[in-house]
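Just so it is clear, the model here is predicted, and its values are computed rather than measured.
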Amino acid sequence: MVVVTDSARLSFRLMGQNDAQALWELDQDPEVMHYINGGKPNSMATINEVFLPRMQAYTDASKGWGIWQVCDKSSQEYLGWVLVRPMGFFSDEPTFDNLELGWRFFKSAWGKGYATEAAIAIKDAVVSQPNILYVSALAVEDNIGSINVMKKMGMTFIKKYAHKDPIGDFSAVHYQMPVNESMTK
């Protein structure tokens with residue numbers, strides 16, 4: 001069982017099928033959804049019929065895979081979440097030694113370093129699993145906020161490509177970092 005230890009300001013909990021309301025609330029701000037689907041808030045039906053089944057497919061608490069709720073440690077305010085799953089999980093050839101991180105935060109949490117702090121804490125916990133060689137993240141090219149999080153984590157640009165996903169393809173930039181620093185030497 002992977003445990004994500006609280007960071008300086010944040011606490012973490014693996015989300016599950018009973019978290020539809022929290023997932024839906026985050027997806028109601030058009031600015032939060034801008035780089036995901038052009039700014040369209042997700043309906044509760046989409047959360048229940050698409051998002052929860054996808055999350056259930058890759059959630060594995062023993063490996064730290066899933067969506068980790070991020071809360072302010074002192075107030076317990078829900079700030080957003082960080083996703084962990086193998087790269088290409090919904091493709092014909094997932095790469096289980098390369099974990100994808102993704103994040104979504106309420107606009108009120110932007111610009112405060114929460115996404116970077118949370119992503120690093122969660123990354124540090126999940127890479128303790130054997131056979132994990134890389135951590136990656138994807139974004140659309142003009143999502144400067146997410147790309148800055150990737151860079152602050154120590155990821156470097158790998159490529160720009162047409163990312164294929166059953167719920168929608170997009171032009172992606174792929175950033176990555178090796179888990180073991182000696183791999184870069």
Side-chain angles (χ1 to χ4, degrees), residues 1-16 18-42 47 51-52 54-55 58-59 61 63-87 89 98-129 132 134-157 170 172-177 179:
M1 174 72 135
V2 170
V3 175
V4 179
T5 307
D6 288 356
S7 66
R9 301 178 293 165
L10 307 172
S11 63
F12 310 98
R13 175 184 67 82
L14 195 59
M15 297 179 86
N18 295 327
D19 288 306
Q21 182 70 29
L23 296 166
W24 176 83
E25 287 171 9
L26 182 55
D27 288 5
Q28 296 315 293
D29 185 333
E31 288 187 68
V32 170
M33 300 303 290
H34 177 75
Y35 295 111
I36 298 158
N37 66 13
K40 181 180 171 227
N42 276 327
I47 297 294
F51 201 84
L52 288 177
R54 280 175 61 96
M55 182 176 77
Y58 58 78
T59 298
K63 296 178 180 175
W65 301 352
I67 294 182
W68 291 88
Q69 184 179 57
V70 180
C71 291
D72 179 285
K73 194 162 66 172
S74 58
S75 70
Q76 287 307 300
E77 176 189 1
Y78 170 39
L79 302 172
W81 53 252
V82 174
L83 168 149
V84 180
R85 66 181 173 211
M87 276 296 288
F89 186 83
N98 185 1
L99 295 181
E100 175 186 4
L101 297 182
W103 40 83
R104 193 173 301 173
F105 282 79
F106 286 99
K107 188 177 174 193
S108 61
W110 293 1
K112 298 176 182 173
Y114 292 138
T116 303
E117 184 177 330
I120 288 171
I122 292 165
K123 179 227 10 138
D124 288 348
V126 298
V127 300
S128 66
Q129 296 292 299
I132 303 300
Y134 299 98
V135 176
S136 292
L138 304 175
V140 295
E141 191 171 22
D142 56 347
N143 188 344
I144 302 304
S146 280
I147 292 169
N148 284 339
V149 171
M150 297 172 200
K151 290 176 179 177
K152 288 176 188 172
M153 291 181 69
M155 292 185 184
T156 56
F157 176 79
F170 66 96
V173 290
H174 178 177
Y175 280 70
Q176 181 175 284
M177 66 188 294
V179 169

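Once rounded to the nearest 0.5 Å, the distance linking CD1 of I120 with NZ of K152 reads 9.5 Å. One finds the CZ atom of R9 at 4.5 Å from the CD atom of E117 (value rounded to the nearest 0.5 Å). Taking CD1 from I147 and CD from E141, the interatomic distance works out to 7.0 Å, rounded to the nearest 0.5 Å. Distance CE/M155 to NE2/H174: 8.0 Å, rounded to 0.5 Å. A distance of 10.0 Å separates CG in D6 from SG in C71, rounded to the nearest 0.5 Å. Interatomic distance, T116 OG1 to M153 CE, rounded to the nearest 0.5 Å: 8.0 Å.
Annotation for V82 and A118: closest pair CG2-CB, 3.9 Å, computed over non-hydrogen atoms. Among all heavy-atom pairs drawn from Q176 and S136, the shortest one is OE1-OG, 3.1 Å. Closest heavy-atom contact between G64 and V84: O-CB, 3.6 Å. When every heavy atom of V4 is checked against every heavy atom of A125, the shortest pair comes out as CG2-CB, 3.8 Å. Across every non-hydrogen atom of W110 and F105, the tightest pair is NE1-O, 2.9 Å.
Side-chain N or O atoms of K40 include none that pairs as donor or acceptor with a backbone N or O of M33 at under 3.5 Å. A donor-acceptor pair under 3.5 Å links the side-chain atoms of Y35 to the main chain of D142, judged by distance alone. Between the side chain of Y78 and the backbone N or O of A22, at least one donor-acceptor pair lies under 3.5 Å.
Checking Q69 against D19 by side-chain atom types alone, no donor-acceptor pair falls below 3.5 Å.
Applying side chain to side chain contact (heavy atoms under 4.5 Å, CB included) to L26 and the options N42, V32, I47 leaves one that passes, V32. For the side chain to side chain contact (heavy atoms under 4.5 Å, CB included) criterion with L83, the lone passing option out of Y58, W68, W103 is Y58.
L99 places a side-chain heavy atom less than 4.5 Å from the side chain of W65. Looking only at side-chain heavy atoms (C-beta outward), V135 and V126 stay at 4.5 Å or farther from each other. Side-chain contact between V173 and L138 is absent, with no heavy-atom pair separated by less than 4.5 Å.
Under the 30°/60° scheme for interplanar angles, the aromatic rings of W81 and F51 are found to be tilted.
With sequence neighbours left out, the side chain to side chain contact (heavy atoms under 4.5 Å, CB included) criterion links T59 to L14, M55.
Heavy-atom neighbours of E25 CD from other residues, nucleotides or ligands within 6.0 Å: above the threshold of 12. Within 6.0 Å of NZ on K73 lie more than 12 heavy atoms contributed by other residues, nucleotides or ligands.
K112 and D72 are not joined by a salt bridge, as no carboxylate oxygen comes within less than 4.0 angstrom of a charged side-chain nitrogen.
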